[in-house]
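Right, one structure below, let's go through it.
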2 protein chains.
Amino acid sequence: MTDKKPSAKIQEVLDTLRASGARITALRSSLIGLFIGSSRPLTAAEILAELKKKKLAPNKSSVYRELDFLLELGRIIEIDVLEGMKRYEWQPEHAQHHHHIVCTQCGVVECIELCFNEEELSAKVAKKSGFAVTSHVLEFFGVCADCR
Amino acid sequence: MTDKKPSAKIQEVLDTLRASGARITALRSSLIGLFIGSSRPLTAAEILAELKKKKLAPNKSSVYRELDFLLELGRIIEIDVLEGMKRYEWQPEHAQHHHHIVCTQCGVVECIELCFNEEELSAKVAKKSGFAVTSHVLEFFGVCADCR
DNA sequence: CTTCATGCAAAGTATTTGCAGCGTC
DNA sequence: GACGCTGCAAATACTTTGCATGAAG
């Protein structure tokens, strides 16, 4: 699968959704566009603000419901970097498991990929705890280059 | 420093607090006792319930304020395992940095110590992101032995 | 014209704050 | 008796829900 222009990518997603019986509404397509165009995870408040800029101004309930919808389909995932609110991140088809680093000064959140054996670590944890380990969360905190 | 009976340990903590000007109240000593006697991180609601069992039934504001108090002193730390509420964990004097595993069925939270080089990992992240990495959060999810 | 999606207002959950009174030292 | 601590009620922040209306297919 080759890379596509964002607009083509959005169209592809919308087509798939429509084919599965979902309606394509202004909120839905704008929100998906927003996610695809964003390299960072977004909060509900940020989404609301961004959509307002685009003259959409949906109700917050609708945004939360849309997030639930995309979550259930696995199109986005929920992440939590201890800010007291959740962030949501688009999952490209072959999304690689990755982590985030949060600037404790300005709050910016960036994605990072790590190259260490997380499988092995999970296996260790499973052995130690007796749990069947299904997932994990690993987030870093620090001060970004700009804030230093 | 040798191990002490919980009650002796509590007394020691209370003495230090008193010496620094804090008052020793029923809530304060019970809460500290609760933390010292618990091997797992607690939520505000759990604390409230436990104290009620001990016929204390404090107001939730007081519990939250007491948690803030202990947090500022570094006697407890805040942890977040994506439950929508915070957990608080007692920090023994030479507390070792560790992690948690949460059962996605019954919600039980256990502590685990990992033996892998987290310093090294943080350094890698710092290099990759350009951030000055100050801390990280690593939590595991799975199904506990009882729930399987 | 049938569902799915939306707006609105109200409720829910976790936590915080202002303030007057009480308890510890 | 001074000052820290407490209860209470109200406020805040984020998210969820019920219900009637609206729009996509």
Side-chain angles (χ1 to χ4, degrees), chain A residues 11 13-33 41-52 54-73 75-88 107 109, chain B residues 10-11 13-32 41-52 54-73 75-88 107 109:
Chain A
Q11 204 48 58
V13 174
L14 293 181
D15 288 346
T16 313
L17 292 184
R18 181 164 22 224
S20 73
R23 270 90 198 257
I24 305 310
T25 65
L27 170 57
R28 183 155 295 162
S29 52
S30 302
L31 182 47
I32 291 174
L42 304 167
T43 64
E46 285 170 354
I47 289 168
L48 225 29
E50 284 300 318
L51 293 181
K52 197 170 261 173
K54 298 188 182 170
K55 313 284 179 206
L56 246 185
N59 189 274
K60 60 187 169 173
S61 312
S62 306
V63 170
Y64 280 113
R65 276 193 277 239
E66 193 59 31
L67 290 172
D68 280 345
F69 172 81
L70 295 173
L71 267 176
E72 285 196 3
L73 293 179
R75 292 290 184 162
I76 58 175
I77 55 164
E78 205 174 73
I79 70 169
D80 189 323
V81 290
L82 311 186
E83 299 167 301
M85 57 204 161
K86 292 168 186 164
R87 287 185 175 272
Y88 300 89
V109 178
Chain B
I10 295 168
Q11 205 48 59
V13 173
L14 293 180
D15 288 346
T16 312
L17 292 183
R18 180 161 26 224
S20 71
R23 268 87 197 260
I24 305 311
T25 64
L27 170 56
R28 183 155 295 161
S29 53
S30 302
L31 182 47
I32 291 174
L42 304 168
T43 64
E46 285 169 355
I47 290 167
L48 226 27
E50 285 301 318
L51 294 182
K52 196 171 263 172
K54 299 188 182 168
K55 311 285 178 206
L56 244 184
N59 189 273
K60 61 188 169 173
S61 311
S62 306
V63 170
Y64 279 113
R65 275 192 278 239
E66 193 60 31
L67 289 172
D68 281 344
F69 173 81
L70 295 173
L71 266 176
E72 284 195 5
L73 293 179
R75 292 288 184 163
I76 58 175
I77 55 164
E78 204 175 75
I79 70 170
D80 189 322
V81 289
L82 311 185
E83 298 168 300
M85 57 203 161
K86 293 167 184 164
R87 286 185 175 272
Y88 301 87
V109 178

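To find a chain, count down the sequence lines: A is the first, B the second, and so on, and within it residues start at 1. Given the structure is predicted, the values throughout are model-derived calculations rather than measurements.
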Side chain to side chain donor-acceptor pair (under 3.5 Å) partners of Arg18(B), counting only residues at least two apart: Asp15(B)
Could you state the atom-to-atom distance from CG of Leu51(A) to C1' of dG7(C) in whole Å? 15 Å
Test of understanding: with side chain to side chain donor-acceptor pair (under 3.5 Å), list the residues that count as partners of Ser61(B), not counting sequence neighbours. Asn59(B)
Go through Tyr88(B) and Leu31(B) one step at a time and tell me if the side chain to side chain contact (heavy atoms under 4.5 Å, CB included) criterion holds. CA-CA 11 Å; Tyr88(B) 301 87; Leu31(B) 182 47; over 6 Å; no
How long is the line joining CZ of Arg28(A) and P of dG7(C), in whole Å? 12 Å
Roughly what angle, to 10°, lies between the helix axis at the start of the helix from dC1(C)-dG25(D) to dC25(C)-dG1(D) and the one at its end, five pairs per end? 30°
Please report, rounded to the nearest Å, how far the P atom of dT16(D) is from the CD atom of Glu72(A). 12 Å
Measure the CZ-OG distance between Arg23(A) and Ser29(A) for me, rounded to the nearest 0.5 Å. 15.0 Å
Could you give the CG-to-C1' distance, from Asp80(B) to dC14(D), as a whole number of Å? 14 Å
Atom CG of Leu27(A) and atom P of dC4(C) are separated, to the nearest Å, by 17 Å
When you check every protein heavy atom under 4.0 Å of nucleotides 20-25 of chain C, what one-letter string (B, S, -) results, 5' to 3'? ---BBS
Separation of Leu14(B) atom CG from dG4(D) atom P, in whole Å? 18 Å
Not counting sequence neighbours, which residues clear side chain to side chain contact (heavy atoms under 4.5 Å, CB included) with Leu56(A)? List them please. Ala26(A), Ser30(A), Leu51(A), Pro58(A)
Within the 4.0 Å heavy-atom criterion, would you say Ala45(A) contacts the bases, only the backbone, or no part of the nucleic acid? nothing
Test side chain to side chain donor-acceptor pair (under 3.5 Å) applied to Arg87(B) - qualifying residues, sequence neighbours left out: Glu46(B), Glu83(B)
According to the salt bridge (Lys or Arg N to Asp or Glu O under 4.0 Å) rule, which pairs have a member within residues 61-71 of chain B, sequence neighbours left out? Arg28(B)-Glu66(B)
Contacts of Thr16(B) that satisfy side chain to side chain contact (heavy atoms under 4.5 Å, CB included) - sequence neighbours left out: Arg75(B)
From Leu17(B) atom CG to Leu73(B) atom CG, the distance as rounded to the nearest 0.5 Å: 6.5 Å
Here the distance between atom P of dT16(D) and atom CZ of Phe69(A), to the nearest Å, is 16 Å
In Å, rounded to the nearest 0.5 Å, how long is the span from CG of Leu48(A) to CG of Leu42(A)? 12.0 Å
Would you jot down, in residue-number order, the residues of residues 56-68 of chain B having a non-hydrogen atom under 4.0 Å from DNA chain C? Lys60(B), Ser61(B), Tyr64(B), Arg65(B)
By side chain to side chain contact (heavy atoms under 4.5 Å, CB included), which residues pair with Leu82(A), not counting sequence neighbours? Asp80(A), Phe141(A), Asp80(B), Val137(B)
Measure from CG on Leu17(B) to C1' on dG4(D) and round the result to the nearest Å. 13 Å
